[in-house]
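All of these numbers come straight from a predicted model, not from anything done at the bench. Computed over heavy atoms, backbone and side chain alike; hydrogens, waters and symmetry mates excluded.
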Amino acid sequence: MTKRTLLEDLKARGLIAQTTSEEELAAHLEAGSVTLYCGFDPTADSLHLGHLVPLLMLKRFQDYGHRPIALVGGATGMIGDPSFKAQERQLNSAEVVQQWSDCLKRQISQFIEFGDDGGAILANNYDWTANVDVLSFLRDIGKHFSVNKMIAKESVRQRIEREGEGISFTEFTYQILQSYDFQKLNELYGCTLQIGGSDQWGNITGGIELVRRMNGKSVHGLTLPLITKADGTKFGKTEGGAVWLDPKKTSPYAFYQFWLQTPDADVYRFLKFFTFLDVDQIDEIEAQDRARDGRPEAQRILAEEVTRLVHDEEALQGARRITEALFSGDHSSLDESDYAQLQLDGLPSSQLPSNLNEVPLTTLLAEAGLAASGKQVKDALQRGAVLINDRECSMEQNMSAATLFAPESARFGRYFLVKLGKRKHHLFYL
RNA sequence: GGUGAGGUUCCCGAGUGGCCAAAGGGAUCAGACUGUAAAUCUGACGCGCAAGCUUCGGUGGUUCGAAUCCACCCCUCACCA
């Protein structure tokens with residue numbers, strides 16, 4: 001069969017929320033290599049799963065011969081995007097934003113091929129925004145914006161209309177800055193397309209209009225759908241908060257586990273959103289899962305694909321090794337070097353303190369991160385949900401940590417695998 | 001600057017002198033059932049193994065006793081200037 005065009009593929013994946021005139025955009029993309037951009041504001045020291053779809057989107061374009069620009073919002077990050085945010089945001093200091101910008105830069109470079117000739121471009125809007133003086137800003141840029149239109153945008157209207165909330169001039173100005181980015185990138189690199197989350201539509205159209213007014217060019221916009229879960233809860237969150245792309249913040253093992261736990265109702269959609277597997281291939285996986293009883297394969301495939309994409313093959317294998325060891329139900333097959341490997345692969349682990357007879361089990365396990373508080377450990381203990389080297393513990397043993405973790409019952413003289421609940425594991429060593 | 005409405009435990013939101021560690025919902029965690037899924041049911045949900053300790057924007061005060069009353073302050077919002 002003939003290969004789909006980029007837009008056809010994106011559509012088949014459900015990756016398009018809105019576009020400016022679809023025919024014009026299609027024609028534009030067919031006519032040759034297009035330079036496009038997507039912005040990422042530094043709101044933390046790492047990107048998280050919410051950024052993954054746009055990031056992969058840049059790569060999808062690159063795979064089809066287009067040239068992506070990843071824009072780090074060193075300037076816009078200082079202001080804060082009000083779009084569909086219920087509340088005014090806390091401003092971060094310049095140093096922090098700068099530092100975070102650098103973090104994002106490093107991360108983004110891992111995803112897209114950057115290079116001198118025709119390769120992707122990494123830009124920072126701080127470069128052209130920081131030195132614009134107020135008067136120039138107001139006269140040269142501000143003059144092109146109608147406050148009437150700015151207020152009418154859905155993304156800020158809610159804030160303005162909502163009882164008990166408001167919007168500062170600072171945040172209100174955000175859309176002008178983002179529009180200016182598009183104008184600047186059009187001027188500097190001939191960028192003719194901006195992509196972003198569906199919440200960015202207002203900011204993108206603002207930019208399109210500014211480019212037309214200032215540069216006399218007709219440019220395009222495309223937004224991606226908000227990733228939702230079938231049960232209505234927020235995508236990309238776990239007990240510990242956001243799932244980060246930085247392996248130091250979310251280990252590849254935790255990352256792999258996150259995807260493995262994807263509900264059936266979401267998994268095929270997610271395969272389309274988060275992997276580069278062909279749409280037909282994904283439909284095939286779904287058909288096979290349906291035909292078979294029991295557990296679907298899709299989660300495993302999804303977890304493997306995304307972990308490999310965000311981390312690498314080695315990290316994926318590590319995550320798989322841990323998963324295999326912990327969830328196969330049989331720890332006795334692990335040899336001594338396997339335990340050391342589990343630690344290296346990123347299984348949470350910690351050294352047992354020397355004053356074990358003074359420390360309640362609740363405190364010990366809570367501090368290891370197996371639960372948020374001692375109370376929760378208590379609850380788990382009372383329900384028989386705590387296993388130390390496969391042996392169940394009770395609340396009565398709470399003060400007998402020294403006995404439970406006695407050297408003679410350690411595996412290979414030093415390891416204790418502690419399990420709390422069905423899927424939380426921690427390796428203690430002497 | 002004026003007037004009005006507010007600031008409650010992760011979020012929403014009740015609570016207007018003792019019965020309040022504070023209703024209800026959401027989120028989260030654990031158990032049962034399963035497939036490390038969903039749905040459902042059960043339990044937990046400020047901290048502490050416990051005795052107990054610390055909360056209701058802040059600081060003082062009234063009271064035997066305050067999230068609740070008073071004073072001042074800080075912050076948010078709306079309308080007006």
Report task. Determine the contact category for Ala265(A): base if any of its heavy atoms lies under 4.0 Å from a base atom, sugar-phosphate if only primed atoms, P, OP1 or OP2 are that close, otherwise nothing. Result -> nothing
Report task. Could you tell me whether the phosphate oxygens of A37(B), OP1 or OP2, come under 4.0 Å of any side-chain nitrogen or oxygen in Thr262(A)? Result -> no
Query raised in the report: A71(B) pairs with which nucleotide, Watson-Crick or G-U wobble, both distances below 3.5 Å?
Result: U59(B)
Report task. Flag the pair Tyr180(A) / Phe137(A) as yes when their ring centroid distance falls below 6.0 Å, and as no otherwise. Result -> no
Query raised in the report: Given A37(B), is OP1 or OP2 found less than 4.0 Å from the side-chain N or O atoms of Arg423(A)?
Result: yes
Query raised in the report: Below 3.5 Å, does any donor atom in the side chain of Lys375(A) face an acceptor in the base of G46(B), or the other way round?
Result: no
Requested in this report: Taking only the side-chain nitrogens and oxygens of Ser373(A), find out if one of them lies under 4.0 Å from OP1 or OP2 of C45(B).
Outcome: no
Requested in this report: Using both distances under 3.5 Å as the test, list the Watson-Crick or G-U wobble partner of U76(B), or none.
Outcome: A5(B)
Query raised in the report: Can the ring centroids of Phe428(A) and Phe405(A) be said to lie less than 6.0 angstrom from one another?
Result: yes
Query raised in the report: Does the side chain of Lys424(A) get closer than 4.0 angstrom to OP1 or OP2 of A30(B) through an N or O atom?
Result: yes
Requested in this report: Measure distances between side-chain N and O atoms of Asp379(A) and base N and O atoms of G31(B), and say whether any donor-acceptor pair falls under 3.5 Å.
Outcome: no
Query raised in the report: Does a side-chain N or O from Arg383(A) land closer than 4.0 Å to OP1 or OP2 of A44(B), or not?
Result: no
**Report entry** side-chain hydrogen bond (donor to acceptor under 3.5 Å, both in side chains), paired with Asp45(A), selected from Gln99(A), Gln107(A), Lys249(A)
**Finding:** Lys249(A)
Query raised in the report: Is there a donor-acceptor contact under 3.5 Å linking the side chains of Gln200(A) and Asp81(A)?
Result: yes
Query raised in the report: With both distances kept under 3.5 Å, what pairs with C33(B), Watson-Crick or G-U wobble?
Result: none
Query raised in the report: For Gln382(A), which contact category applies under a 4.0 Å heavy-atom criterion: base, sugar-phosphate, or nothing?
Result: nothing
Report task. Determine whether any donor atom in the side chain of Lys422(A) lies under 3.5 Å from an acceptor atom in the base of U34(B), or the reverse, and answer yes or no. Result -> yes
Query raised in the report: Would you say a side-chain N or O of Lys378(A) is under 4.0 Å from OP1 or OP2 of C29(B)?
Result: no
